[in-house]
Amino acid sequence: MTTDAAPRVSRRQLVPFAALSASYFAHIGFFNPYLPLWLKHLGLSLWMIGLLTSMQAVTRVFAPYLWGWLSDRNGERVPLMRWCAGMALLCSLGLLFSPSPWWLAAVLFLMFTHTSAMMPMSEAAMAHLVSHQGALDVRRYGRIRLWGSVGFLVTVFVSGHWFEVHGMADFPFWTVLTLVAINVSVWSLPNLREAAHAVNGQIGFGKVLRKPQTLWFFATLFFHVLSHVAIYTFFSLYLDELGYGKDMIGVLWAMSVIVEIIGFFSQSRWLHWLSLPAWLCVCTGLMALRMGLSAWFGQVLPVLLLAQCLHVFTFAIQHTVCIAWLSQHFPGRLRGRGQALYAVIGYGFTGVTGALGGAAISTHWGLQSVFVAAIPVSLLGLLCAVGLLRSSRRHLHN
């Protein structure tokens with residue numbers, strides 16, 4: 001990590017990435033929390049809701065790596081993002097028609113195939129600008145990435161109030177509107193192409209994957225985010241079952257995003273206190289605590305708010321640490337595939353496993369049991385993070 005060693009990059013180059021982050025996560029800020037509630041509004045079962053919400057994770061199993069491989073091969077990340085944004089908008093129009101389960105599955109699958117690859121390519125392009133000698137400038141990265149949190153915060157508040165007053169029927173129109181905003185943002189990005197000579201002298205992609213540190217890192221990522229799927233997929237349904245209104249559901253989502261913004265803004269001042277693997281140990285340990293508080297004290301609002309505040313570690317710091325680690329170990333022309341694997345392993349396989357497994361668990365034992373089951377998963381992530389820490393220390397001593 002670095003905070004001051006990166007070469008000067010103009011604001012004109014970085015502002016469009018902040019705008020894309022804001023618009024993309026504005027889309028996510030209403031879509032992910034309220035998609036399950038819209039599907040419930042359509043009268044679908046918990047099992048079908050789990051299946052449909054898992055479409056996003058299914059596409060993350062293959063789409064990010066395919067797009068990442070293509071962007072690494074030709075260096076043209078921004079044109080590919082523009083294509084993905086346009087196709088996602090076109091596909092989203094299908095939500096306006098015939099909301100049968102299989103039609104929805106097809107529309108969501110096609111839409112997510114394109115949106116699931118956008119942020120890995122954006123992260124790779126942005127990391128190219130704000131990295132120096134393999135080290136991520138966490139100050140610049142955090143200041144750009146926090147605009148994504150702001151976008152999420154705005155829409156989770158506004159859409160929560162809208163859906164509380166007007167019901168869930170307008171959900172498809174919100175989808176189209178936010179994807180229009182993404183298209184406007186992505187066309188403002190500078191079309192920077194990574195030079196082909198960036199691959200010279202680099203270790204092969206397969207050799208990086210076989211390193212013990214890499215294996216421990218992706219194992220930690222898998223179990224950490226698998227636990228987090230309880231929040232991503234089932235939190236709104238869980239709160240609705242506990243009797244919270246849509247306004248309060250929006251507030252609880254917003255609380256996590258507020259601390260996320262604080263984390264992204266201030267992280268450069270204190271992230272250097274621990275090594276990257278040590279921070280992953282902290283984040284995965286606090287994930288287990290967050291799941292326990294959500295499972296057993298979900299009806300106690302102050303405790304639930306405290307659990308949401310842990311999001312600063314379970315997502316914001318964990319995410320920055322992962323991006324910084326990937327920048328070190330997957331530099332240059334390996335960057336797109338490294339970011340893609342982050343999406344595939346962290347948000348693809350985990351999303352499919354978590355959404356379908358959570359749907360089965362909640363159908364038989366209730367939504368609370370999903371959060372209980374996430375606790376041992378978090379602890380597995382902690383054990384893997386400890387393995388990464390030990391492997392990194394051995395590597396330094398050799």
Side-chain angles (χ1 to χ4, degrees), residues 21 24-25 28 32 53-69 112-113 115-124 126-127 136 141 145 148-149 152 205 208-209 211 213-233 256 260 264 276-277 279-288 290-291 311 313-330 334-358 374 377-385 387-388:
S21 184
Y24 179 85
F25 286 100
I28 296 298
N32 285 12
T53 54
S54 73
M55 286 294 103
Q56 187 174 42
V58 168
T59 61
R60 283 174 172 166
V61 170
F62 66 90
Y65 189 82
L66 289 177
W67 291 110
W69 171 82
F112 290 144
T113 295
T115 59
S116 64
M118 287 186 61
M119 286 316 293
M121 287 191 288
S122 175
E123 296 275 13
M126 184 167 60
L136 182 74
Y141 176 80
R145 182 57 182 77
S149 305
F152 188 105
F205 185 72
V208 174
L209 288 182
K211 288 184 175 182
Q213 291 182 68
T214 305
L215 298 175
W216 281 120
F217 171 79
F218 282 117
T220 303
L221 174 67
F222 177 82
F223 289 114
H224 182 95
V225 183
L226 180 60
S227 179
H228 221 302
V229 170
I231 298 291
Y232 294 143
T233 304
S256 65
E260 178 183 309
F264 281 133
L276 298 179
W279 273 119
L280 289 180
C281 292
V282 171
C283 294
T284 51
L286 291 175
M287 174 65 86
R290 182 182 183 183
M291 293 299 103
H311 192 74
F313 294 102
T314 64
F315 174 72
I317 302 309
Q318 186 266 353
H319 178 72
T320 296
V321 167
C322 287
I323 298 301
W325 194 94
L326 289 167
S327 294
Q328 289 181 8
H329 294 266
F330 293 87
L334 304 181
R335 187 174 291 123
R337 281 167 288 175
Q339 293 288 345
L341 276 181
Y342 175 70
V344 169
I345 296 173
Y347 295 90
F349 292 124
T350 57
V352 174
T353 305
L356 297 181
V377 174
S378 304
L379 295 176
L380 283 173
L382 177 58
L383 290 176
C384 293
L388 173 61

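Contact between L276 and Q328 at its shortest, heavy atoms only, is CD1-NE2, 3.8 Å. Of all the heavy atoms in T350 and V229, the pair that sits closest is O-CG2, 3.6 Å. When all heavy atoms of M291 and A230 are compared, the closest pair comes out as SD-CB, 4.1 Å. Closest heavy-atom contact between E260 and F315: OE1-CD2, 3.4 Å. Nearest heavy atom pair, residue Y342 against residue F218, reads N-CE2, 4.0 Å. Of all non-hydrogen atoms in L379 and A288, the two that sit nearest each other are CD2-CB, 3.9 Å.
In this structure, L280 CG and H224 NE2 are separated by 8.0 Å, a value rounded to the nearest 0.5 Å. Note that the NE2 atom of H311 and the OG atom of S256 stand 4.5 Å from one another [nearest 0.5 Å]. Atoms CG and OG1, on L326 and T214 in that order, are 9.0 Å from each other to the nearest 0.5 Å.
Panel note: side chain T220, backbone C384; a donor-acceptor pair is recorded below 3.5 Å. Counting only distance, with no hydrogens or angles, the side chain of H319 and the backbone of T314 share no donor-acceptor pair below 3.5 Å. A side-chain donor-acceptor contact under 3.5 Å links T284 to the backbone of C281. Looking only at distances, no side-chain donor or acceptor of S227 sits under 3.5 Å from a matching main-chain atom of F223.
Side-chain contact between L221 and C322 is present, with heavy atoms from C-beta onward closer than 4.5 Å. In this structure, the side chains of S149 and F264 come closer than 4.5 Å at one or more pairs of heavy atoms. Residues F62 and V344 form no side-chain contact, since every pair of their non-hydrogen atoms from C-beta on lies 4.5 Å or further apart. Side chains of I323 and R145 form no contact here, defined as non-hydrogen atoms less than 4.5 Å apart.
Between F217 and W325, the ring planes lie parallel to each other; the angle is under 30°, not in the 30° to 60° tilted range. Ring geometry, Y232 versus H228: the interplanar angle falls under 30°, so the pair is classed parallel (tilted spans 30 to 60°).
At least one cation-pi condition fails for R290 and F313: the charged atom is not both under 6.0 angstrom from the six-membered ring centre and inside a 45 degree cone around its axis.
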